[in-house]
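First up is the structure itself, then whatever we jot down about it.
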Amino acid sequence: MASPARLERLTPKSTDFDKWYIELVRQAELADYAPVKGCMVIRPYGYALWEHIQAALDGMIKATGHENMYFPLLIPESYLAKEAEHVEGFAPEVAWVTHGGSKELEERLAIRPTSETIICSMYADWIHSYRDLPVLINQWVNVYRWEKRTRLFLRTSEFLWQEGHTFHETEKEATEEVERMLECYTTLARDWLALPVVPGTKTRSETFAGAVYTRSIEAMMSDGWALQAGTSHHLGQHFTNAYNITFRNRENVEEHPYQTSWGVSTRIIGAVIMAHGDDSGLILPPKVAPVQIAVVPIPAGSDDAMNSRIEEIATRFEKASGPACRIRVDRRDGIRPGEKFAHWELRGVPLRITIGKRDVESGVVTVTRRVDGVSETMGIDACIAALPELLEDAHRRLQERARAMLEDRSVDVSTMDALAEAFSERPVFANAPFCNRPECEDLIKEKVHAVTIRVLRDDRKGEGAPCIACSAPSEFVALIARAY
RNA sequence: CGGGAAGUAGCUCAGUCCGGUUAGAGUGCACGGUUCGGGACCGUGAGGUCGCGAGUUCGAAUCUCGCCUUCCCGACCA
């Protein structure tokens with residue numbers, strides 16, 4: 001019987017969601033604070049999770065024809081300054097290197113907040129002809145932004161991400177590229193991370209500094225808040241003009257290429273935590289879980305024959321482990337089964353296999369799913385053979401649960417009062433006909449505290465219904481939510 | 001960056017108001033034993049620059065000033 005003190009190691013989600021989140025990140029050993037404001041240490045378990053997400057996304061990036069490369073961390077101030085809107089957007093959060101050793105530098109160097117500027121500066125020399133296009137590159141790097149308010153994974157000053165950058169001969173090609181990469185992000189979110197996401201286009205006020213338009217996927221967290229989980233920007237010729245990148249087209253006329261950029265960061269780990277976790281800890285999507293199956297052998301006291309039977313079965317599972325089925329046998333001595341269960345639940349391991357005397361006597365093992373806590377017994381051979389399918393099933397259940405949450409927390413509204421009413425009880429994803437004028441966006445923000453228009457939805461159109469704010473015929477359906 | 005709260009053992013905190021032997025508890029950790037199908041129990045032990053730096057004082061975890069970090073509410077946020 002557990003004492004109350006033990007059960008309260010993790011603050012329940014319903015008591016204090018923010019506290020639950022921070023405690024979970026630290027207790028599950030995903031990350032911890034570093035001595036510098038807004039910086040974090042990503043611990044091995046958290047980094048392993050990132051590596052699996054990275055591997056999935058990197059595979060898609062390469063499969064769509066992109067190559068990885070690397071640009072330097074430091075960007076000369078003069079490079080950064082050329083695209084006016086961009087520098088204005090980022091200036092408040094750039095960290096500067098001013099000294100080399102004890103010598104003051106003649107030109108300050110920015111620690112990259114993003115790399116469009118240095119990439120454009122370099123490609124100005126490398127692009128000359130339509131034959132040099134398209135340029136399809138990506139880099140996996142850290143970036144630094146001097147954030148006023150930070151939260152582990154969700155908004156840290158330094159974070160890890162991939163930033164893709166492409167240059168194209170035609171606007172149409174760039175548009176297709178923007179869609180292609182948003183599609184990759186949607187696939188990553190839904191098929192790998194089981195996140196409930198809504199793809200769409202950002203309003204002007206939320207568009208990337210220097211972009212023509214920004215596409216985004218918005219994920220729903222289990223408290224009903226939205227989290228931007230990936231963005232894909234159409235940069236048009238804004239940067240290629242500013243950085244004087246030109247090519248000779250097929251008619252021998254000089255032109256500026258069309259450009260895109262797109263990124264997903266370690267923030268998405270925060271999305272995984274907040275979308276799926278519960279009062280017992282993380283619930284990791286099986287496809288990216290560092291440990292997918294935890295095997296807990298339960299010793300049978302002094303019954304040596306039984307103990308070696310149990311060990312033999314555990315070893316058979318261990319041998320079934322591989323890149324596609326990551327199994328960990330928990331043989332830690334002196335730790336009771338209940339504590340091991342709690343340990344792996346806190347870490348969100350999708351499946352637990354328990355092997356005890358009871359099971360061995362019946363020739364079975366007990367399989368427990370993290371997502372719903374349901375246990376079943378299976379024959380040993382059957383279980384080993386079914387492991388990939390059991391993981392797939394766990395993924396589908398997590399996905400279905402997330403989808404149901406999104407559905408349950410979504411509401412259609414057509415008037416401002418209905419919008420306020422929708423948010424009066426709990427945060428939701430509110431969908432409303434919207435004309436896409438900035439004035440109307442402001443009216444919505446004024447009407448309900450702390451909400452923003454996350455995206456204009458791809459899957460739904462206004463079809464002329466009256467805009468929620470001004471009643472003019474609407475072309476769009478806005479997704480309105482509170483956001484991290 | 002504005003308002004509020006906090007920082008004492010790995011973690012959660014007491015002690016600070018009212019300065020005074022050797023700074024405590026729970027949990028965690030190590031060792032020994034009994035246990036072992038949901039966070040066990042008994043015993044022993046290790047573990048602290050009291051966030052950092054100045055100042056006041058015979059004496060500072062405690063009082064004063066400065067700084068750093070974290071949390072909450074705002075502002076800001078590709």
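- Not one N or O on the side chain of A:His276 forms a donor-acceptor pair closer than 3.5 Å with the backbone of A:Leu284.
- Pairing of B:A30, defined by two Watson-Crick or G-U wobble distances under 3.5 Å, is identified with B:U44.
- If you check every strand for non-hydrogen atoms under 4.0 Å, A:Thr114 touches nothing.
- No contact: A:Thr214 has no heavy atom under 4.0 Å from any strand.
- Rounded to whole Å, the separation between the P atoms of B:U34 and B:U27 comes to 22 Å.
- A:Pro35 comes within 4.0 angstrom of the backbone, heavy atoms only, and of no base.
- Both A:Arg151 and A:His233 lie near RNA chain B, and the one whose nearest nucleotide falls closer to the 5' end is A:Arg151.
- Taking atom C1' in both B:C11 and B:U70, the straight-line distance is 15 Å, to the nearest Å.
- Closest approach to the A:Lys148 side chain among B:C1, B:C72, B:U69 is made by B:C1 (side chain taken as heavy atoms from C-beta onward).
- For the pair A:Arg149 CZ and B:C71 P, the computed distance is 8 Å after rounding to whole Å.
- Across all strands shown, B:G59 has no partner, as no Watson-Crick or G-U wobble contact with both distances under 3.5 Å is found.
- Following rounding to the nearest Å, A:Glu29 (CD) and B:C11 (P) show an atom-to-atom distance of 12 Å.
- A:Gly281 comes within 4.0 angstrom of no nucleic acid atom, judged by non-hydrogen atoms across all strands.
- Taking the C1' atoms as reference points, B:U12 lies 24 Å from B:C73, given to the whole Å.
- As rounded to whole Å, 13 Å separates atom P of B:A75 from atom CZ of A:Arg155.
- Looking at A:Arg370 and A:Thr368, their side chains never bring a donor and an acceptor atom within 3.5 Å of each other.
- Between A:His234 and A:Tyr213, the ring planes lie tilted relative to each other; the angle falls in the 30° to 60° range.
- One atom, CD of A:Gln27, and another, C1' of B:C11, lie 8 Å apart when rounded to the nearest Å.
- Summarising the base pairing, B:C17 is matched to no nucleotide, lacking a Watson-Crick or G-U wobble pair whose two defining distances lie under 3.5 Å.
- A:Phe17 does not carry A:Lys19 over the face of its six-membered ring by the limits of under 6.0 Å from the centre and within 45° of the normal.
- Here the side chain of A:Lys37 is nearest to one of B:G37, B:U69, B:A78, namely B:U69.
- Atom name P, nucleotides B:G15 and B:G4: the rounded distance is 23 Å, in whole Å.
- When side chains are defined from C-beta on, A:Lys340 counts as touching A:Arg332, because their heavy atoms get closer than 4.5 Å.
- Rounded to a whole Å, the CD atom of A:Glu376 is 22 Å from the P atom of B:G37.
- With both ends at atom C1', the span from B:C77 to B:G10 equals 34 Å, rounded to whole Å.
- Note on A:His449: a side-chain N or O is less than 4.0 Å away from OP1 or OP2 of B:G74.
- Counting any heavy atom pair closer than 4.0 Å across all strands shown, A:Asp359 reaches a base atom.
- Atom-to-atom, CZ of A:Arg112 to P of B:A78 comes out at 20 Å; the value is rounded to the nearest Å.
- Checking B:G74, B:A78, B:C36 against the side-chain heavy atoms of A:Phe208 singles out B:A78 as nearest.
- The phosphate of B:G10 (OP1 or OP2) has no side-chain N or O of A:Arg26 nearer than 4.0 angstrom.
- A:His165 and A:Tyr123 have their aromatic ring centers separated by at least 6.0 angstrom.
- Summarising the base pairing, B:A23 is matched to no nucleotide, lacking a Watson-Crick or G-U wobble pair whose two defining distances lie under 3.5 Å.
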Derivation of the side-chain contact (heavy atoms from CB on, under 4.5 Å) call for A:Glu339 and A:Phe341:
CA-CA 5 Å; A:Glu339 191 169 345; A:Phe341 298 164; over 6 Å; no

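- Across all strands, A:Gly89 comes closer than 4.0 Å to no nucleic acid atom at all (heavy-atom distances).
- For the OP1/OP2 pair of B:C76 and a distance below 4.0 Å, the side-chain nitrogens and oxygens of A:Arg145 include no atom meeting the criterion.
- A 3.5 Å limit on both hydrogen-bonding distances identifies B:U64 as the Watson-Crick or G-U partner of B:A54.
- B:C67 sits 11 Å from B:C1 when the P atoms are compared, rounded to a whole Å.
- You'll find that the side chain of A:Asp18 is closest to B:C73, out of B:C73, B:A78, B:G37.
- A perpendicular orientation is assigned to the rings of A:Trp262 and A:His66, their planes being inclined by more than 60° (bins at 30° and 60°).
- Taking atom CZ of A:Arg336 as the reference point, atom C1' of B:C36 lies 5 Å away to the nearest angstrom.
- Within 3.5 Å, a donor on the side chain of A:Glu345 pairs with an acceptor on the base of B:G38, or the reverse.
- Residues A:Tyr484 and A:Tyr33 each lie close to RNA chain B; by heavy-atom proximity, the contact nearer the 5' end of the strand is made by A:Tyr33.
- Look at the P atom in both B:G48 and B:G24: the space between them is 14 Å, to the nearest Å.
- In this entry B:G37 has no Watson-Crick or G-U wobble partner, no candidate having both defining distances under 3.5 Å.
- The nucleotide whose nearest atom lies closest to any side-chain atom of A:Trp161 is, among B:G37, B:C36, B:A78, B:A78.
- You'll find that the side chain of A:Phe159 is closest to B:A78, out of B:C36, B:C72, B:A78.
- Using cut-offs of 30° and 60° for the angle between ring planes, the A:Trp161 and A:Phe159 rings count as perpendicular.
- B:C1 atom C1' lies 14 Å from atom CH2 of A:Trp146, rounded to whole Å.
- Nucleotides B:A14 and B:C72, compared at atom C1', are 23 Å apart to the nearest Å.
- Here the side chain of A:Ile298 is nearest to one of B:C73, B:C36, B:A78, namely B:C36.
- Checked by distance alone, A:Arg352 brings a side-chain donor or acceptor within 3.5 Å of a matching partner on the base of B:G38.
- Across all strands, A:Lys19 comes closer than 4.0 Å to no nucleic acid atom at all (heavy-atom distances).
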